[in-house]
Amino acid sequence: MSTSSFARLPGFRDFPPEDLALRSHIMEAWRRVSRRYGFLEYDGPPLESLDLYVEKSGEEIVDQLYAFTDKGDREVTLRPEMTPSLARILGDRSRSMSKPIRWFSMPQLFRYERQQRGRLREHFQWNVDLVGEEGVAADAEVLAVAIDGLREFGLGASDFRARVSDRRVLRGLLATLGVAEDAQPAAFAVIDKLERMPRDKAEEALATGTGLDAAAAGHVLETVSSATLASLEDLVGSSESGADVQSLRDYVDALGAMGLGDFVEIDLTIVRGLAYYTGIVFELFDRKGELRAICGGGRYDRLLELVGGEPLPAVGFGMGDVVLGELLAERKLVPEFASTLDYFIVTVSWDLRSEALRVAHALRDKGHSVSYALREQGVGKQMKSASREGAREVLIVGPDELARGCVVARDMEVGTEREIELADLT
RNA sequence: GUGGGCGUAGCUCAGUUGGUUAGAGCGCCGGAUUGUGGUUCCGGAGGUCGCCGGUUCGAGCCCGGUCGUCCACCCCA
């Protein structure tokens, strides 16, 4: 409820300190993990030319752009995703950079759509991209970053899992099962919805979309949804998709070698909406399946070229702060918010204020956090403020101690007091 | 964009079949306490009951619209 006529726009968030604390907690963890893997941070403008997304991102995104015409008659949009900006930025400079390029960013992204749980009009998204390496070692490296990004918060294999697919393998499998080339987009659409649709409805949709009979459609769905590395090797291992299955095997093995095997599952029903993915794709989900995807990514070997840059293979992912925040809250992994202060200076009488200010500023110069009352107040009231502001220690400046060149230092947690020489503080 | 639930203090909520001046807890401010916080006690501020209109002698309560929020669909950054 908002009685103010200056209410927040729907789908946008304010970040008072207690909420900003969670956002910072998340972003600091992301940054630590990125750096642990040798990634460098970059950013771009929040407002981009509309052209950057049309035809490159897929219709779903373009339909929901936060777009408008600016005062210079330019068609612009708040950025809905970071990857096209990354492609443009690299387009200008990748030729002179050594490969592979390891870059990450934490942009605020925008989409114009009705808000719901885990889905606002704005969010912060951790983007990690590895550009210039086409082998699956790069894919494995990127998924490892995503997994470690969640492990950094204390989440484990019982909390989330990575579901991994490969569009080339899926295409090969569908071809083997008799789905015609031109019917594959329809088949992808049905497979994407498999989880949210009763099996008989899906069969029907697949049959009408591909021209297969009901039995064949049922067989396709069963084979796709139960696919494992072993079953894929049996079915398409000797076809032209055999190399792709072998890559997928190498990918899973690499993650296993890193000790992350428990997090990874082959699941060909993961399709992902974005049009530019070309190979292995993955999504991270909470194990209970209560929340939306926490993270999604994959390989996009064509995009840089499409945006007019050097043709470079690339793989990356995006992880949003909203769903992650919900998962952390549910697992009680959100650190409690508390303001803290090294010192609070209490003055027994207002005429000692200059001395208090001198002490306070000397401590601040040394890098300590210090606060004090800004107007004349009784000692009891000042103590109350000190407590509320989270002071670890209160320094009491009083005439008796001052005469001896001392102040009283009270430990606010334990309640013990001792005298400190003024000379030791300043 | 479609359909549905819910909007009472900063927060969580109560509010009788429609009836006088709308309440509680927590939080906030002040006091008990002019050299000592957390506990306790006392007091205070804070509401056009989301907004607009309708029905009625009378609306927080009923009706319509609208905005916000949540859920489902759509779809997923």
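Scope of the values below: all heavy atoms of this structure, side chains included, with no hydrogens, waters or symmetry mates. So that the names make sense, note that chain A is the first sequence line, chain B the second, and so on, each numbered from 1.
Taking only distance into account, the side chain of Arg114(A) meets the base of rU2(B) through a donor-acceptor pair shorter than 3.5 Å. Between the side chain of Arg119(A) and the base of rC75(B), at least one donor-acceptor pair of N or O atoms lies under 3.5 Å.
Within a 6.0 Å radius of OH in Tyr37(A), other residues, nucleotides and ligands contribute more than 12 heavy atoms.
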### Task
Give the intermediate values and the outcome of salt bridge (charged side-chain N to carboxylate O under 4.0 Å, His left out) for residues Arg88(A) and Glu48(A).
CA-CA 11 Å; Arg88(A) 190 201 58 235; Glu48(A) 288 276 14; 2.4 Å; yes
### Message
Between Asp342(A) and Val370(A), does the side-chain contact (heavy atoms from CB on, under 4.5 Å) criterion hold? Intermediate values first, please.
### Response
CA-CA 6 Å; Asp342(A) 296 328; Val370(A) 181; 5.7 Å; no
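Atom pair Arg111(A):CZ and rC74(B):P shows a separation of 15 Å (rounding to whole Å applied). Taking atom CG of residue Leu284(A) and atom P of nucleotide rC76(B), one finds them 18 Å apart after rounding to whole Å. Atoms CD1 (Ile191(A)) and C1' (rC75(B)) sit 18 Å apart, rounded to a whole Å. When rounded to the nearest whole Å, the span between CZ of Arg117(A) and C1' of rG4(B) equals 19 Å. Glu81(A) has its CD atom 8 Å from the P atom of rA77(B), to the nearest Å. One can place CZ of Phe337(A) at 18 Å from P of rC11(B), the figure rounded to the nearest angstrom. If you measure from atom CD of Gln115(A) to atom P of rG1(B), you get 13 Å, rounded to the nearest angstrom. One interatomic measurement links the two molecules: CD of Glu18(A) to C1' of rG10(B), which rounds to 11 Å at whole-angstrom precision.
Atom name P, nucleotides rU40(B) and rC13(B): the rounded distance is 24 Å, in whole Å. For rA24(B) and rC6(B), the P atoms lie 27 Å apart once the distance is rounded to whole Å. Using atom P as the reference point in both rC62(B) and rU2(B), the two lie 26 Å apart (nearest Å). Taking atom C1' in both rU33(B) and rA14(B), the straight-line distance is 36 Å, to the nearest Å. Rounded to whole Å, the separation between the C1' atoms of rG25(B) and rA9(B) comes to 12 Å. Remark: the separation of the P atoms in rG50(B) and rU12(B) is 14 Å, to the nearest Å. To the nearest whole angstrom, the two C1' atoms, one in rG30(B) and one in rC49(B), are 28 Å apart. rU16(B) and rA77(B): their C1' atoms are spaced 49 Å apart (whole Å).
The residue Gly118(A) sits close to a base: some heavy atom pair falls under 4.0 Å. Here Gln116(A) lies in heavy-atom contact (under 4.0 Å) with a base. Nucleic acid contact class of Gly297(A) (heavy atoms, under 4.0 Å, all strands): none.
A distance of 8.0 Å separates CG of Asp192(A) from CD1 of Ile270(A), quoted to the nearest 0.5 Å. Interatomic distance, CZ of Arg13(A) versus CG of Asp19(A), reported as 9.0 Å (0.5 Å rounding).
No hydrogens or angles considered: a donor-acceptor pair under 3.5 Å links the side chains of Arg199(A) and Ser225(A). Between Glu41(A) and Ser34(A), the side chains place no donor N or O within less than 3.5 Å of an acceptor N or O (distance only, hydrogens not considered). No side-chain donor from either of Asp301(A) and Tyr276(A) sits under 3.5 Å from a side-chain acceptor of the other.
A residue-by-residue look at Leu120(A) and Phe12(A) shows that Phe12(A) has its nearest nucleotide of RNA chain B further toward the 5' end.
For residues 130-146 of chain A, every residue pair satisfying the side chain to side chain donor-acceptor pair (under 3.5 Å) rule, not counting sequence neighbours, is listed here: Arg102(A)-Glu141(A), Asp139(A)-Arg299(A).
Not one side-chain nitrogen or oxygen of Gln64(A) sits closer than 4.0 Å to the OP1 or OP2 atom of rA77(B).
Ring centroid separation for the pair Tyr66(A) and Tyr112(A) comes in under the 6.0 Å cut-off. When ring centroids are compared, Phe153(A) and His25(A) come within the 6.0 Å threshold.
Nearest nucleotide to the side chain of Arg292(A), out of rC70(B), rC76(B), rA77(B): rC76(B).
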### Query
Along nucleotides 29-40 of chain B, 5' to 3', which nucleotides get a B, which get an S, and which get a -, given that the test is a protein heavy-atom distance under 4.0 Å?
SSS---BBBB--
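Both key distances under 3.5 Å define a Watson-Crick or G-U pair, and stretches of 3 or more such consecutive pairs in RNA chain B run B:1-7 with B:67-73, B:10-13 with B:23-26, B:28-32 with B:40-44, B:50-54 with B:62-66.
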